[in-house]
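Report on the structure given below.
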Amino acid sequence: MSTSMSSSPDHFIAPVHTPDIAPVPVTFLMCSPKLYDVNYVINPWMAGHVHDSSRTVAMAQWKRLYEAVTQLADVVLVEPQPGSPDMVFTANAGLEHNGVVVLSSFFHAERQGEERHFRRWFQQAGYTVLSLPRETPFEGEGDALFAVDGSRLWAGYGPRTSKSSHHYLSEAWKIEVASLHLIDERFYHLDTCFAPLEGGSVLYYPPAFDQASIMQIEDYYAANKRIVVTEADALRFACNVINIDRTVILNEVSRELSDQLKSNGFRVIEVQLSEFLKAGGAAKCLVMRLSGATH
Ligand code: ARG
């Protein structure tokens with residue numbers, strides 16, 4: 001089913017019921033970098049890297065990531081499409097929870113062409129797909145991350161996602177949304193600077209947020225649950241982690257940070273993702289978490 005919404009939040013039609021879903025192992029949506037390239041500049045990472053990434057190296061790096069993820073979870077694939085070189089970053093397809101997907105409404109025209117491909121994929125897989133108005137940018141799981149206990153949704157806004165989209169997210173799942181303001185263009189998606197982790201800890205880079213957002217994070221996570229990332233590690237996309245149970249999969253980071261994660265009880269799998277950093281993405285951007293379809 002697909003539900004389109006008009007521009008007024010009042011017309012947002014939340015699903016009347018959420019279908020029962022049998023517990024399934026965690027599944028991730030990925031997209032092969034067969035057609036990956038840096039074709040345009042829509043974030044500071046892409047500047048100076050247009051057509052500067054190697055598809056061969058990107059493919060090898062992506063395959064290592066794919067193998068690491070498939071050791072711990074199921075992976076489903078969406079076919080890459082000509083003209084959508086950033087489609088490999090499936091975290092931006094939308095946000096899914098309980099069989100309902102809120103599809104992304106990309107801020108930049110360069111990525112808007114991806115929307116119909118992702119919509120088709122979700123519909124064919126049996127998800128209920130909700131759409132936002134064009135004038136309400138929302139960039140999916142790149143900017144919206146559930147607390148691990150599911151009690152709230154952390155949602156970023158500023159460079160890409162608009163704050164006005166958060167209301168729709170709250171309506172879609174009847175969930176509390178904590179809005180976090182991103183103030184550093186280098187950390188233009190929430191998943192570049194913030195990661196809720198299993199066991200109730202959080203990995204984050206405080207200077208990416210305004211003061212009120214830092215206070216929200218610090219009110220929620222006790223001091224001993226906060227893993228603060230240095231600027232050097234943040235620039236290695238250290239917050240951009242795939243967390244499956246007690247394992248974290250991420251780009252190569254400092255020895256100090258990987259030791260800190262280990263002493264917090266995590267198994268750390270580092271995968272070199274340099275070709276994707278040229279487009280402004282790393283491990284977490286290359287996957288989208290799915291809880292299950294509704295058919
Ligand atoms: N080039 C892509 C963009 O600027 C990278 C997306 C990274 N994705 C993410 N979830 N942070 O949109």
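Side chains are part of it too, since the values below use all heavy atoms of this structure and drop only hydrogens, waters and symmetry mates.
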Linking I/L/V/M/F/W/Y whenever their side-chain heavy atoms sit closer than 4.5 Å, directly or via other members, would [X] and [Y] fall into one cluster?
X      : Y      : result
Val248 : Leu257 : yes
Leu130 : Phe138 : yes
Tyr40  : Leu35  : no
Leu132 : Leu153 : yes
Leu145 : Leu180 : yes

Could you grab the distance from atom [atom1] of [X] to atom [atom2] of [Y], nearest 0.5 Å is fine?
X      : Y      : atom1 : atom2 : answer
Leu77  : Phe28  : CG    : CZ    : 13.5 Å
Thr247 : Leu72  : OG1   : CG    : 5.0 Å
His108 : Asp86  : NE2   : CG    : 10.0 Å
Leu277 : Ser53  : CG    : OG    : 11.5 Å
Glu67  : Ile269 : CD    : CD1   : 11.5 Å
Gln81  : Phe118 : CD    : CZ    : 9.5 Å

Flag, side chain of [X] to backbone of [Y], donor-acceptor distance under 3.5 Å:
X      : Y      : value
Ser201 : Arg226 : no
Gln123 : Val129 : no
Glu218 : Tyr221 : no
His166 : Gly156 : yes
Asn251 : Leu273 : yes
Trp154 : Ala147 : no
Asn240 : Asp191 : yes
Thr90  : Cys31  : no
Thr161 : Glu139 : yes
Glu115 : Phe106 : yes

**OP:** Test Ser291 against His97 for side-chain contact (heavy atoms from CB on, under 4.5 Å), laying out the working first.
**Re:** CA-CA 6 Å; Ser291 63; His97 190 57; 5.5 Å; no

What heavy-atom pair brings [X] and [Y] nearest, and what distance separates the two atoms?
X      : Y      : value
Ser254 : Asp233 : OG-OD2, 2.6 Å
Ile242 : Ala283 : CD1-O, 3.6 Å
Pro137 : Arg160 : CB-O, 3.3 Å
Ala238 : Leu250 : O-CD1, 3.6 Å
Leu290 : Leu29  : CD1-CB, 3.9 Å
Glu141 : Leu95  : CG-CD1, 3.9 Å

Subject >> Distance under 6.0 Å and angle within 45° of ring axis: Arg246 vs Phe266 >> reply: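 Satisfied, under 6.0 Å and within 45°.
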
Check: [Y] and [X] side chains under 4.5 Å, non-hydrogen atoms:
X      : Y      : answer
His181 : Gln216 : no
His51  : Asp37  : yes
Met59  : Ser32  : yes
Phe194 : Val202 : yes
Val271 : Ile249 : yes
Pro196 : Tyr220 : no
Ile244 : Val26  : yes
Ile42  : Phe107 : no

Original post:
Does Tyr205 have its ring centroid less than 6.0 Å away from the ring centroid of Phe187?
Top reply: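 Yes, they do, as the ring centres are separated by less than 6.0 Å.
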
Subject >> Ring centres under 6.0 angstrom apart (Phe276, Tyr36) >> reply: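 Here the rings of Tyr36 and Phe276 have centres that are less than 6.0 Å from each other.
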
**OP:** Determine, step by step, whether Glu270 and Ser258 satisfy the side-chain contact (heavy atoms from CB on, under 4.5 Å) criterion, reporting the C-alpha distance in whole Å, the side-chain angles of both residues, the deciding distance to 0.1 Å, and the verdict.
**Re:** CA-CA 9 Å; Glu270 294 179 52; Ser258 82; 3.5 Å; yes

**OP:** Using the side-chain contact (heavy atoms from CB on, under 4.5 Å) rule, take Leu286 and Val88 through it: C-alpha gap first, then chi angles, then the decisive distance, then the call.
**Re:** CA-CA 6 Å; Leu286 293 164; Val88 68; 3.6 Å; yes

**OP:** Using only heavy-atom distances, determine whether the side chains of Glu275 and Ser54 contain a donor-acceptor pair under 3.5 Å.
**Re:**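 There is no such pair between these side chains.
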
Original post:
Out of Tyr188, Phe237, Tyr204, Phe209, which residue meets the side chain to side chain contact (heavy atoms under 4.5 Å, CB included) rule with Cys193?
Top reply: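 That would be Phe209.
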
**OP:** Would you please test Glu79 and Arg120 for salt bridge (charged side-chain N to carboxylate O under 4.0 Å, His left out) and show each step?
**Re:** CA-CA 11 Å; Glu79 196 54 36; Arg120 192 183 337 110; over 6 Å; no

